[in-house]
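One structure is given below, encoded as structure tokens.
Sequence lines set the chain letters: A, B, ... in the order given, protein chains first and strands last, and positions in each chain run from 1. Computation of the quantities below employed the complete heavy-atom set of this structure, encompassing side-chain atoms and omitting hydrogens, waters and symmetry-equivalent molecules.
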Amino acid sequence: MKAIAPMLATIGKELPRGDGWVFEPKYDGIRVLAYVNGRDVALVTRNGLDKARQFPEIVDALRALEQRAKRPLVLDGEIVAMHGGVPARFQELQGRMHVTDASAIAHLRDASPSSLFAFDLLLDGKKTLVTEPWRVRRKHLAALLQPPGRTSALRLSDVGENGEAMLRTARRNDWEGVIAKRADASYEPGRRSRDWLKLKIEHRQEFVVGGWTEPRNTREHIGAILLGYYDSNGDLIYAGHTGTGFTRKSLLEMYHRLAKLERKSSPFTTTPKTNERPHWTRPSVVVEIKFNEWTGDGKLRQPVFIGVRDDKSPREVTHEPESIAKPAKRARSTTRPTRAGTKRRSRQPNYAALLDALTDIERAGGDGEIELPEGALDVSHLDKIFFPETKQTKGDLMRYYVRVAPYILPAIADRPLVMKRFPNGVASKGFFQQRAPAEAPDTVRVEAVADVGLRTQDRLIGGDLATLLYVVQLGAISIDPWHSRVQSVTRADYSIIDLDPGPRAPFSRVVEVAHAVKDVLDELHLHAVPKTSGASGVHIVLPLGRGVPNDGARTLAELIATMVAERNPKIATVERSVGLRPRGAVYVDYLQNIRAKTVAGVYSVRARPGATVSTPLRWNEINEQLDPGEFTMDTVPPRIEKIGDLWARGMKAPNSLAGVLTRG
DNA sequence: GGGGCGA
DNA sequence: TCGCCCCAACGCGTA
DNA sequence: TACGCG
Ligand SMILES: [Mn+2]
Ligand SMILES: [Mn+2]
């Protein structure tokens, strides 16, 4: 098949007036022409690269189309990352653009699926459609893709006649913009035509990277990349620099990419002055940049790195004219001045005084400093609502952990902590953090913990009050400790049977399975502490002696879990495939007993409405009346006062594994 | 929540 | 000074 | 060796 160059759009400055225009979303992905015949599928980018290998699901869909149509086809469209069944932003495609490893491609196909949104048809069998008006081509395309697939990797692009409405939808859904097309226009391969208008609602375009600057402080590899575009004389004009928008990974990738291209002299016609020491490169990497506006002197305001584009050649990168975007409005600041907190002195942890100090700080504006046995700790935003349903604040959470400190601290002593942080409360999205922040005060315990490979990673280690309250200050709601201690991360000191109710399993089913576990434990002469998970499950935890490797803990849990599942196949399963589990069964998960895996620790609050707590139980409390929702931040401290620390009591004596082993 | 970064 | 952005990633069982 | 799972 002969290669065709795609038709290109001109930047539109306003919505075109008059009839005869149609409007499509500006899909935010990779523009490709799809060549399909009985033998082959090619997905050719504007740069002439074939991306078929990277997007097998699209190739399969096109093959299936060819099987039905039984004729060669050439489609024009955009490869778009899909997120929850709807088109996502270009960033989501990043991970797939450059992958060449076959197994990685196969994995990504499901992990981050993509679709080809077809918006034009250039060849239909022997019939060339490029000279036909858009209207006719669209009709052929729609007929070809009948019925329109909604879940497939090949979809018909949206189109509408109402430009205003399409633009509103675009703004609401955070699209990049809208493409206006003349309904009676033919397809002009390779031309940037005025019959297609690109209406951009945000400032975004490609730039050529001409170098990078040294990082400052704790930043790694690269401070900022230096950006430019070509003017009509072929001069590379410096347009600004940006260091935001990178993940740790994309920053490292950019560094590797640029380091290979380093050269002595600046590629810019006029060498820019940079804040940090510059490194110059051959101008061959093209990046997509989002920015607020062009400044008066032709620089970018607030540029943000979006991704690398290898589907555009550097020479194509020019200063694109303004479209219909307006500079984003500055959001009003919501922070308020900080106030000095109450300072108190104590060598011993004086819990009552600490509770008072936290209350004072919360009432006095939320920010302050507390005095702990390990030293001072800054806290802030204690008045922020973390649990909207119950109106409990970050201060409430911190006071809870102070109250249970005598019980939770020994339980997490020497254990690496994984944080799931919710700086804005349970209603907003949280994020995991493994690494100890570089800026952690030296009152908190940070240690270099051996990784799986030959490296180490700085992690927070539990056991003291400063570290506990520091992670809460960072927005961690639950406390998630490793099953092993820093002294010996390869050896677990407890083994966990994790009862996870399936979607249709009531809590009473969990109770039944917990009983079944208890029966097996009794038979094997093992003892364990049951606790609510704080969510909808139960954890049953067996203390181990020293010297049990992680896989020993797993094997023990596996043995018990398997026996439980075999004896109670209707209500308990160890089947890992969700689809194969019996309806309403409880998943008896023994696979949490693995290095660096965590379950919510004992006495940990969970990031769920109601601030429920993972609470140790007496076996006789596990009955039909048990309601895990009763154990909350408010009810657990008085419960401990009343019945004591069931965890410490139950975990004191390690199990003897002799009986288990002799059993075969 | 807090640091790096841009402006 | 403010606004924006990032902040993880793997071993296992099954086929 | 790949895929789904937590
Ligand atoms: Mn669980
Ligand atoms: Mn689980």
Handout entry: Pairwise salt bridge (Lys or Arg N to Asp or Glu O under 4.0 Å) hits with a residue in residues 548-563 of chain A, at least two apart
Key = none
Practice task
For DNA chain B, find the residues of residues 472-480 of chain A with a heavy-atom distance under 4.0 Å and give them by number; none if there aren't any.
Solution key: Gln473(A), Leu474(A)
Exercise for the section: Figure out the OH/C1' separation between Tyr587(A) and dG6(D), and round it to whole Å. Expected result: 7 Å
Practice task
Select base, sugar-phosphate, or nothing to describe what Glu439(A) touches, counting heavy atoms under 4.0 Å on all strands.
Solution key: sugar-phosphate
Exercise for the section: Please identify each residue that fulfils ring pair (Phe, Tyr, Trp, His ring centres under 6.0 Å) with Phe246(A), with sequence neighbours left out. Expected result: Phe305(A)
Exercise for the section: Kindly write out the residues that satisfy ring pair (Phe, Tyr, Trp, His ring centres under 6.0 Å) with His539(A), not counting sequence neighbours, or none if the list is empty. Expected result: none
Problem - Any Lys290(A) side-chain nitrogen or oxygen under 4.0 Å from OP1 or OP2 of dC5(C) - result: yes
Problem - Counterpart residues, side-chain contact (heavy atoms from CB on, under 4.5 Å), relative to Thr274(A) (two or more places apart) - result: Thr213(A), Leu226(A), Pro278(A)
Problem - Backbone of Glu575(A) reached by a side-chain donor or acceptor of Arg581(A) within 3.5 Å - result: yes
Practice task
Quick one: sort the His279(A) and Trp212(A) rings into parallel, tilted or perpendicular, breaks at 30° and 60°.
Solution key: parallel
Practice task
May I ask you to say what Ala438(A) touches in the nucleic acid, namely base, sugar-phosphate or nothing, with a heavy-atom cut-off under 4.0 Å?
Solution key: nothing
Handout entry: By side-chain hydrogen bond (donor to acceptor under 3.5 Å, both in side chains) - contacts of Glu447(A) (at least two apart)
Key = Arg445(A)
Problem - Partners meeting side-chain hydrogen bond (donor to acceptor under 3.5 Å, both in side chains) with Asp60(A) (sequence neighbours left out) - result: Arg109(A)
Practice task
Please state whether the phosphate of dG6(D), meaning OP1 or OP2, lies under 4.0 angstrom from any side-chain nitrogen or oxygen of Arg581(A).
Solution key: yes
Fill in the blank from the handout: With the side chain defined as heavy atoms from C-beta on, Gln433(A) is closest, among dG6(D), dC5(C), dC7(C), to dC7(C)
Handout entry: Atom-pair distance (CZ on Arg109(A); P on dC3(D)), nearest Å
Key = 8 Å
Practice task
With heavy atoms under 4.0 Å as the rule, sort Lys429(A) into base, sugar-phosphate or nothing.
Solution key: nothing
Handout entry: nucleotides 10-15 of chain C: protein proximity per nucleotide (B base, S sugar-phosphate only, - neither; heavy atom, under 4.0 Å)
Key = BBBS--
Exercise for the section: Pick base, sugar-phosphate or nothing for Lys299(A), based on heavy-atom distances below 4.0 Å to the nucleic acid. Expected result: nothing
Exercise for the section: Please collect all salt bridge (Lys or Arg N to Asp or Glu O under 4.0 Å) contacts where either partner lies in residues 214-223 of chain A, sequence neighbours excluded, each pair once. Expected result: Glu214(A)-Arg277(A), Arg216(A)-Glu276(A)
Practice task
Extract, from 5' to 3' on DNA chain B, the first and final nucleotides lying under 4.0 angstrom from some heavy atom of chain A.
Solution key: dG1(B) to dA7(B)
I'd like a table of donor-acceptor pairs (distance under 3.5 Å, sequence neighbours excluded) in which one partner is a side-chain atom from residues 434-444 of chain A, with atom names and distances.
from: Gln434(A); atom 1: OE1; to: Arg459(A); atom 2: NH1; distance (Å): 2.9

Practice task
Specify the separation, in whole Å, of atom CG of Leu252(A) and atom C1' of dC6(C).
Solution key: 15 Å
Exercise for the section: State, with a plain yes or no, whether a side-chain heavy atom of Glu320(A) is found less than 4.5 Å away from one of Glu206(A). Expected result: yes
Problem - Touch class at under 4.0 angstrom, heavy-atom based, for Pro437(A) against every strand present - result: nothing
Practice task
Name the nucleic acid region contacted by Thr244(A), choosing base, sugar-phosphate or nothing; use a 4.0 angstrom heavy-atom cut-off, strictly under.
Solution key: base
Practice task
Could you tell me the separation between the CG atom of Leu251(A) and the P atom of dC6(C), rounded to a whole number of Å?
Solution key: 12 Å
Handout entry: Interatomic distance, Gln592(A) CD vs dG6(D) C1' [rounded to whole Å]
Key = 6 Å
Exercise for the section: Just jot down the ring pair (Phe, Tyr, Trp, His ring centres under 6.0 Å) partners of Phe422(A), sequence neighbours excluded, or say none. Expected result: none
Exercise for the section: To the nearest Å, give me how far apart CD1 (Ile306(A)) and C1' (dC4(C)) are. Expected result: 11 Å
Problem - Pairwise P distance for dC5(D) and dA9(C), with rounding to whole Å - result: 22 Å
Completion exercise
note: Phe422(A), atom CZ; dC7(C), atom C1'; distance rounded to Å ~ 13 Å
